[in-house]
Amino acid sequence: MDIQKIVTVLDKPKHDQVAWRRTLELQKVTGAKAEVVSFAWNAMCESSSGLSADERRQLRHSLVEERKAWLKELVADKPVRSREIWTHDIARWVIEEVEKKKPDLVVKTVHKSGSLVHTPIDWQLLQDCPAPVLLTTKRRRLSKRVVLAAIDPRATDTKHRHLNCNVLEAAHRYAALYDATVHVVFAVEVSKVLLDLNIIGERASKKKVIDKITPELNRLLAPYNIPKSRIHMPVGKAGAVVAQTARELKVDTLVVGTYAQRARRVVGLGNTAQRIVTKSVCDVLAVHP
C-alpha cells in the first residue's frame with residue numbers, strides 16, 4: 001500500500017464522478033501519479049446491421065471525440081493523465097493494463113442494483129485484478145475516520161495467513177494517510193445445529209472458538225498495538241456481522257482480503273470476502289496475498 005501510481009475507472013459522463021473525486025483526494029495525501037480512464041462503446045459500431053462500414057466508422061469517431069472533449073474538461077488543469085478507451089469489456093482491459101503498468105491501486109465507484117450490490121465488473125476486479133482495488137461509495141466523510149480490517153485467524157494454510165497479514169498492513173498504511181483509527185473484526189461462526197439442539201450454548205461456543213484462535217490472533221496483531229476495545233468478534237455469518245460492525249463504527253473504509261477462485265466462480269459459489277462486500281455500505285479496499 002505504498003501508493004505511487006493510481007488507475008481510476010471513471011463513471012459514465014451522465015453519472016456522479018465519485019471515483020474521480022476520491023482519486024483527487026488520494027492524490028492530495030499521497031502525491032501519487034494518477035491516470036483516469038473513460039470507456040466508450042456502442043454495439044452498432046461493431047455490427048453490420050443497419051449501418052454501412054463508413055457510417056460505423058463515423059459513429060465511432062464521433063463518440064470517441066465526444067468523450068475526449070468531456071475528459072479534457074473534467075481533468076482541466078489537474079495533474080492527471082486521461083485516456084478514452086473503446087471497449088465493452090472494462091474489467092478485462094483494466095486487469096491487462098494493471099499487469100502491464102503495475103499501478104499500486106485501482107479506484108472505481110461501486111454500483112448497486114436492487115438486491116445485487118455489485119456489477120460483474122466489480123466482482124471481476126475484486127477477484128482477478130492483481131493490484132489492490134478500492135471500490136468507493138458516495139458517502140459523506142466524517143472528520144475522524146475509521147478503517148476496519150476484516151481478518152480470519154482460523155486460517156491454517158500459508159496463503160490465508162499471509163492474506164491476513166496483508167489486510168492488517170494495508171489497513172494501517174491506508175489509515176495513516178488520513179490519521180484514521182484502525183479496528184479489527186473477526187466473525188465467530190458457531191454451529192447453528194449445536195445451538196438448536198442445546199448441545200452447547202452460544203457463549204460457550206464463542207469462547208471455544210476464541211480460545212482456539214487466540215495464539216494466531218496475537219501473532220497477527222503483535223506489530224500494531226491495537227487495544228482490545230478495537231478488536232471486535234461478533235457471532236454470526238461473516239457477511240452480515242462484519243457489515244453490521246462497519247455500520248455501528250461508522251467505518252469509512254473496510255479492508256478485506258480476496259483472491260481469484262475461478263473454478264468456484266464458474267459454478268456460482270462465492271467466498272467470504274464476496275459475502276462481506278455484498279452487504280457493505282462503505283468504501284471497500286480489497287487486497288491480495
Side-chain angles (χ1 to χ4, degrees), residues 1-11 16-37 75 78-81 94 98 101-110 122 125-126 129-151 162-185 220-227 229-232 242-243 245-247 249-258 273 276-277 280-289:
M1 287 306 299
D2 181 16
I3 303 174
Q4 297 183 28
K5 293 169 61 179
I6 301 171
V7 171
T8 298
V9 178
L10 293 175
D11 297 285
D16 188 14
Q17 298 300 315
V18 178
W20 166 239
R21 292 198 299 273
R22 196 75 163 115
T23 298
L24 293 177
E25 178 188 284
L26 280 166
Q27 193 178 43
K28 184 177 180 179
V29 296
T30 64
K33 295 179 180 179
E35 180 176 50
V36 296
V37 186
V75 301
K78 301 292 190 301
V80 175
R81 288 186 61 202
V94 172
V98 168
K101 302 288 185 64
K102 303 190 183 307
D104 303 300
L105 183 68
V106 173
V107 180
K108 181 185 179 298
T109 305
V110 69
D122 296 336
L125 292 179
L126 284 172
C129 183
V133 176
L134 177 66
L135 293 178
T136 188
T137 61
K138 185 180 179 180
R139 188 182 184 191
R140 184 172 64 88
R141 309 290 169 186
L142 301 179
S143 56
K144 187 59 177 176
R145 300 191 180 192
V146 175
V147 173
L148 180 63
I151 62 173
H162 188 52
L163 187 57
N164 282 330
C165 292
N166 282 3
V167 167
L168 288 166
E169 185 66 16
H172 279 81
R173 286 176 177 264
Y174 194 79
L177 298 175
Y178 300 102
D179 193 28
T181 303
V182 176
H183 288 246
V184 176
V185 62
L220 289 167
L221 300 184
Y224 302 111
N225 193 31
I226 298 177
S229 61
R230 289 196 263 128
I231 301 171
H232 310 274
V242 169
T245 301
R247 284 192 289 269
L249 295 173
K250 296 182 172 59
V251 166
D252 180 80
T253 305
L254 171 64
V255 185
V256 300
T258 185
I276 291 173
V277 171
S280 176
V281 295
C282 60
D283 283 10
V284 173
L285 174 62
V287 299
H288 309 283

Within the 4.5 Å heavy-atom criterion, are [X] and [Y] side-chain neighbours or not?
X      : Y      : result
Arg230 : Tyr224 : no
Tyr178 : Glu25  : yes
Val37  : Val94  : no
Leu285 : Leu105 : yes
Asp179 : Arg145 : no

How long is the straight-line distance from [atom2] of [Y] back to [atom1] of [X], given to the nearest 0.5 Å?
X      : Y      : atom1 : atom2 : value
Ile226 : His183 : CD1   : NE2   : 9.0 Å
Thr8   : Leu26  : OG1   : CG    : 8.0 Å
Thr136 : Lys108 : OG1   : NZ    : 11.0 Å
Tyr174 : Ile3   : OH    : CD1   : 6.5 Å
Thr137 : Asp283 : OG1   : CG    : 4.5 Å
Cys282 : Lys250 : SG    : NZ    : 13.0 Å

Pair Val110, Val284 - check side-chain contact (heavy atoms from CB on, under 4.5 Å), show working.
CA-CA 9 Å; Val110 69; Val284 173; over 6 Å; no

Within the distance-only criterion (no hydrogens, no angle test), does the side chain of Gln4 pair as donor or acceptor with the backbone N or O of Lys33 below 3.5 angstrom?
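Here the side-chain-to-backbone pair does not exist.
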
Check for a donor-acceptor pair, side chain of Glu35 on one end and backbone N or O of Pro103 on the other, with a separation under 3.5 Å.
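No; zero donor-acceptor contacts below 3.5 Å.
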
Go through the steps to decide whether Leu249 and His232 satisfy the test side-chain contact (heavy atoms from CB on, under 4.5 Å), and finish with yes or no.
CA-CA 10 Å; Leu249 295 173; His232 310 274; 3.6 Å; yes

Taking it one step at a time, do Val98 and Val7 satisfy side-chain contact (heavy atoms from CB on, under 4.5 Å)?
CA-CA 8 Å; Val98 168; Val7 171; 5.5 Å; no

So that I can tick it off, tell me whether Arg22 and Asp252 are bridged by a salt bridge, with the cut-off set at under 4.0 angstrom between side-chain N and carboxylate O.
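A salt bridge links Asp252 with Arg22.
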
